[in-house]
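These notes are about the structure you will find just below.
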Amino acid sequence: MVERGKATKGRVARAVAGAEQIEIKATVPNHQIVPALRRFGLTASNDEERFIYFFDTPALDLLGAGIIARARRVIGDDHDSTVKFRPVVPEDVDKQWRKYRGFKIEADASENAMVKSASFSMPVDKGLIKRVASGKRGVAALFTAEQEAFLASMAGREVDFAELAVLGPLVAQRWEIEDPACPWPMTVELWRRSDGQRLMEVSIKAPVVQAAAAIGGFMAFLAEVGAERDRDQQTKTRWALEFYAAKLARRRPAGKKKAGKRGQPSRAGGTSPARPGRR
């Protein structure tokens with residue numbers, strides 16, 4: 001029986017206050033990935049293919065501080081880089097960032113929790129992500145001065161890009177789909193790591209005024225189509241970062257110093273170079 005009354009009045013509204021939209025996510029258990037692809041007719045011929053790179057220290061210090069830095073190569077489309085923080089208190093985020101088209105504050109919801117995040121994305125020149133991944137350019141080249149200022153203001157300190165390693169890439173397939181039984185368009189993402197392991201996530205986005213209805217409606221839709229709850233549910237980002245950080249640790253001899261002098265590039269997957277000049 002669904003709890004109702006004074007105890008629940010305004011609960012969702014308070015949880016999403018200050019966010020511009022809500023994104024509701026559900027992880028698909030591994031054994032249901034193939035049936036899900038078949039049900040919705042999702043194939044490599046109708047997907048959007050992406051290569052996703054993360055940047056963090058080998059010890060994942062950024063992730064531990066609630067910071068995500070990433071870049072995306074979208075085949076046949078624009079490339080971008082993003083700095084994201086979670087959790088955030090919307091009223092504590094400086095309003096100056098709202099003037100940028102690539103900035104947003106949203107509430108991320110799952111079956112288990114809801115958290116607000118602030119992210120700032122900017123376009124990246126084609127070819128640049130590959131050069132950074134190969135060690136020909138430094139990680140800092142992917143992020144604009146505005147993104148760095150946002151990063152510093154949110155983190156309370158400047159991040160040394162020379163400390164960051166290139167983690168990835170993840171190969172991602174993405175589809176936008178609709179179903180008559182679900183009032184909101186759905187996004188399906190299938191991520192694949194270099195060890196062949198996969199993680200599928202299904203999500204919807206809705207205005208915050210629809211948050212309560214969207215959460216309940218989307219979960220009801222998933223139950224109706226027979227989607228099981230993923231007992232090992234985790235965010236795609238942590239699932240990817242922990243794997244690639246462990247892979248990096250296995251390649252780095254114990255006690256080895258950082259590769260390369262400041263200003264000199266190191267190979268992807270190792271410690272990234274100090275900041276070069278802007279592109």
Side-chain angles (χ1 to χ4, degrees), residues 2-4 6-28 52 54 62-70 72 80-122 147 150-151 153-156 172 174 176-179 182-189 191 199-223 227 229-230 233-241:
V2 178
E3 184 184 2
R4 290 183 292 181
K6 290 183 179 179
T8 63
K9 185 178 180 180
R11 178 188 293 173
V12 174
R14 290 191 297 272
V16 300
E20 298 157 11
Q21 65 179 0
I22 182 170
E23 183 173 17
I24 306 152
K25 307 174 181 179
T27 303
V28 176
I52 303 173
F54 292 95
L62 293 190
L63 183 65
I67 304 169
I68 298 168
R70 69 167 185 247
R72 296 182 295 197
D80 64 20
S81 66
T82 298
V83 177
K84 184 173 185 176
F85 290 81
R86 62 183 177 202
V88 300
V89 178
E91 53 266 32
D92 291 343
V93 180
D94 198 312
K95 292 182 173 55
Q96 68 168 308
W97 307 115
R98 295 180 184 271
K99 67 184 179 183
Y100 294 99
R101 180 181 298 179
F103 173 80
K104 64 182 177 182
I105 295 179
E106 64 182 5
D108 300 323
S110 68
E111 290 183 287
N112 303 319
M114 185 182 300
V115 62
K116 295 169 194 170
S117 64
S119 63
F120 189 5
S121 299
M122 294 291 276
Q147 284 174 304
F150 172 68
L151 180 58
S153 70
M154 294 293 294
R174 185 176 185 273
E176 299 284 349
I177 64 174
E178 294 186 4
D179 189 287
C182 183
W184 300 273
M186 291 177 284
T187 297
V188 178
E189 287 193 69
W191 285 21
L199 187 150
M200 177 181 275
E201 182 182 85
V202 184
S203 64
I204 64 170
K205 290 187 177 183
V208 291
V209 294
Q210 297 179 4
I215 294 171
F218 186 49
M219 295 306 169
F221 165 77
L222 294 175
R229 182 173 182 176
D230 189 353
Q233 188 175 73
Q234 56 186 313
T235 67
K236 301 190 304 297
T237 299
R238 182 172 293 278
W239 175 82
L241 281 172

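All values below come from the heavy atoms of this structure, side chains included, with hydrogens, waters and symmetry mates left out.
Look at Lys84 and Asp108 and you find a salt bridge, because one of the NZ, NE, NH1 or NH2 atoms lies within 4.0 Å of a carboxylate O, short of that distance. Taking 4.0 Å as the cut-off between side-chain N and carboxylate O, Arg98 and Glu20 count as a salt-bridged pair.
One distance of note links OG1 of Thr235 with CG of Leu63; it measures 7.0 Å at 0.5 Å rounding. Rounded to the nearest 0.5 angstrom, Lys236 NZ and Leu199 CG are separated by 7.5 Å. Taking CD1 from Ile68 and CZ from Phe54, the interatomic distance works out to 7.0 Å, rounded to the nearest 0.5 Å. Between the CE atom of Met154 and the OG atom of Ser119 there is a distance of 10.0 Å, given to the nearest 0.5 Å. Here the straight-line distance linking atom CZ of Arg72 with atom OG of Ser81 works out to 9.5 Å at 0.5 Å rounding. In this structure, the separation between CD1 on Ile22 and OG on Ser203 is 11.5 Å, given to the nearest 0.5 Å.
Residues Arg86 and Ser117 approach most closely at CB-CB, 3.7 Å, considering heavy atoms. Listed here is the closest heavy atom pair of Ile204 and Ala214: CD1-O, 3.9 Å. The shortest heavy-atom contact between Ala172 and Ile52 is CB-CD1, 3.8 Å. Of all the heavy atoms in Trp191 and Glu189, the pair that sits closest is NE1-OE1, 3.1 Å. Nearest heavy-atom pair across Leu151 and Ile67 is CD1-CG2, 3.9 Å. Across Val208 and Ala19, no two heavy atoms sit closer than the pair CG1-O, 3.3 Å.
Within 6.0 Å of the CD atom in Glu178, the count of heavy atoms belonging to other residues, nucleotides or ligands does not exceed 12.
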request  = Check the pair Trp97, Ser153 against side chain to side chain contact (heavy atoms under 4.5 Å, CB included), reporting the backbone distance first and the verdict last.
outcome  = CA-CA 11 Å; Trp97 307 115; Ser153 70; 3.6 Å; yes
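Side chain of Glu23 to backbone of Glu106: no donor-acceptor contact under 3.5 angstrom is found. In this structure, Lys116 contributes its side chain and Ala17 its backbone to a donor-acceptor pair below 3.5 Å. Panel note: side chain Gln21, backbone Lys104; no donor-acceptor pair is recorded below 3.5 Å.
Using a 4.5 Å heavy-atom cutoff, the side chains of Val16 and Met114 are in contact. You'll find the side chain of Arg174 reaches within 4.5 Å of the side chain of Thr187, heavy atoms only.
Taking the six-membered ring where the residue is Trp, Phe103 and Phe120 present perpendicular rings, their angle passing 60° and hence far from 30°.
Remark: aromatic rings of Phe150 and Phe85 are close, center separation under 6.0 Å.
No donor-acceptor contact under 3.5 angstrom links the side chains of Thr27 and Glu201, judged on distance only.
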